[in-house]
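Down below is the structure, laid out as C-alpha cells.
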Amino acid sequence: MKKVLVATEKPFAPAAVSAIKEVVEKAGYEFALLEKYTSKDDLLKAVENADAMIIRSDKATKEVIDAAKNLGIIVRAGAGYDNIDLKACNANNVVAMNTPGQNSNAVAELAIGMMVLLARNNYNGKAGTELRNKTLGIHAYGNVGKYVADIARGFGMEIMAFDPFIEKEAMIKDNVTPLDSMEDLYSKCQYISLHIPANEKTKKSIGYDILSKMPKNAVLVNTARKEVIDEEGLLKTFEERPDFKYISDIAPDCSAEIENKYPGRFFFTPKKMGAQTAEANINAGIASANQIVNFFENNDTTFQVNK
Ligand code: 3PG
C-alpha cells in the first residue's frame with residue numbers, strides 16, 4: 001500500500017487535513033501526518049518509508065530527499081518551490097510538483113489587507129491615507145498578481161504591471177497597463193506589490209537602485225519571498241527616504257534595525273501567512289492529494305516542476 005505523508009511544520013487548517021486524508025484513503029493509500037515538528041530528525045524519520053509527500057514551506061533538502069528511500073513524488077501545496085532541492089529530486093527520480101493558483105487569492109487578500117493597515121497607521125486613531133486613485137505596480141503578473149489587480153480595481157487604484165513572461169493583451173483585458181521595464185514600473189508607482197519567485201536570478205534583485213526610483217510616499221509590499229530583497233539596499237532606502245515604507249509577509253533578516261530606527265514605516269507578519277486561510281489550505285491540500293493519486297494511477301505529471 002502506498003503511503004502519503006503530509007509533513008507541515010506550519011499546519012494546514014484541520015478541514016484541509018481531513019480533506020486530504022479522504023482523497024488519499026479513497027484511493028486506497030495510507031495517510032500519515034507530521035505537523036509542527038521541531039527537529040529535522042523528526043522529518044527525516046517520517047519520510048523514511050513515504051511513497052509520496054505533501055509539504056508547504058518545509059525544507060525538502062538533499063538530506064530529506066535522500067532519506068526518503070521510497071519517494072516517488074513530492075508536492076509543494078502552494079506556488080513557490082524554492083524550498084525543494086530539485087537536483088536531489090532529479091538524482092533520486094523523484095517527481096516534484098507545485099499547485100499553482102490554489103492559494104493565490106489568500107496571498108492577494110493579505111497584500112491588499114496589509115496595504116490598508118499601514119495606510120491607516122495600524123488603526124491607531126490618527127488620520128491615514130486611502131488607496132483610491134493611488135498607483136499600484138504589480139511586479140510579475142501571475143496568479144497572485146492577477147488577484148491583487150482584481151481586488152485593487154475595487155479600491156479604485158490605477159494599476160500597472162511588468163512581467164516579461166505574460167502577454168500584454170492579458171493585462172490590458174484586466175484593465176491593467178502593461179509596462180516594458182521594471183524601471184518604468186518602479187518609477188511610476190507609489191505602491192509596488194512583489195510577486196516574483198525566488199531563484200538564482202531574482203534573489204537580492206530588489207535593492208537600492210530600483211527602490212530609489214519610486215515616487216514620493218513609496219510603499220513596497222512583499223508577499224513573495226524575503227530573499228528577493230537586497231537588505232543592504234533596503235536599509236539604505238529607509239535611511240535616505242523618510243517617506244519610504246516596507247510591508248512584508250515575514251520579517252526580513254534586518255528587521256531589528258528597521259524596528260529600532262524606523263517606527264511606523266513597516267509591517268511584518270510574525271510567520272509567513274499569505275496562504276494561511278482555510279480556503280487556501282483546502283484548495284492546495286486537495287489539489288496536492290489529487291495530483292499524487294493521478295501520478296500513481298495515470299502517470300500524470302502535469303504540474304511537474306523538475307522536468
Ligand atoms: C506559496 O509559495 O504558495 C506561499 O508562499 C505559501 O506558503 P505556505 O504554504 O508555507 O504558507
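Numbering of ligands and ligand atoms starts at 1, following listing order.
Between A79 and ligand 1, an N or O atom pair is found at a separation short of 3.5 Å. Of the N or O atoms in A275, none lie within a sub-3.5 Å distance of an N or O in ligand 1.
Residue contacts with ligand 1, taken as heavy atom pairs separated by less than 4.0 Å, do not involve N98 at all. At a heavy-atom distance under 4.0 Å, no atom of Q276 approaches ligand 1.
Here is the list of ligand 1 atoms found below 4.0 Å of a heavy atom in R225: 1 (C), 2 (O), 5 (O). Atoms of ligand 1 lying under 4.0 Å from any heavy atom of N103, numbered from 1 in the order shown and given with element: 1 (C), 3 (O), 6 (C). Close approach of ligand 1 to G80 is summarised as follows: ligand atoms under 4.0 Å from at least one heavy atom of the residue are 1 (C), 2 (O), 3 (O). Atoms of ligand 1 found under 4.0 Å from any heavy atom of S57 (numbered from 1 in listed order, with element): 7 (O), 8 (P), 10 (O). Residue G78 has at least one heavy-atom neighbour below 4.0 Å for each of these atoms of ligand 1: 3 (O).
Considering only non-hydrogen atoms, atom 4 (C) of ligand 1 lies nearest to R76 out of E9, R76, K10, M273.
For atom 9 (O) of ligand 1, the nearest non-hydrogen atom of the protein is R56 NE, 3.0 Å.
A donor-acceptor pair is defined here as one N or O able to donate and one able to accept, closer than 3.5 Å; such a pair exists between the side chain of N121 and the backbone of A127.
In this structure, K134 is not positioned above the aromatic face of Y191 in the sense of NZ or CZ being under 6.0 Å from the six-membered ring centre and within 45° of the axis.
Remark: Y147 OH is loosely packed, at most 12 non-hydrogen atoms of other residues, nucleotides or ligands lying under 6.0 Å away. Around CD of E240, the count of heavy atoms belonging to other residues, nucleotides or ligands within 6.0 Å exceeds 12. Heavy atoms from other residues, nucleotides or ligands lying under 6.0 Å from CD of E259 number more than 12.
N70 and D51 share no side-chain donor-acceptor pair at under 3.5 Å.
Using a 4.0 Å cut-off between a side-chain N of Lys or Arg and a carboxylate O of Asp or Glu, D163 and K168 do not qualify as a salt bridge.
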Ignoring hydrogens and angles, write down the donor-acceptor pairs under 3.5 Å from the side chains of residues 270-278, residues two or more places apart or on other chains.
residue: K271; atom: NZ; partner: E9; partner atom: OE2; Å: 3.4
residue: K272; atom: NZ; partner: A224; partner atom: O; Å: 3.1
residue: K272; atom: NZ; partner: D249; partner atom: OD2; Å: 3.3
residue: Q276; atom: OE1; partner: R56; partner atom: NH1; Å: 2.9
residue: Q276; atom: OE1; partner: R56; partner atom: NH2; Å: 2.9
residue: T277; atom: OG1; partner: A280; partner atom: N; Å: 2.9

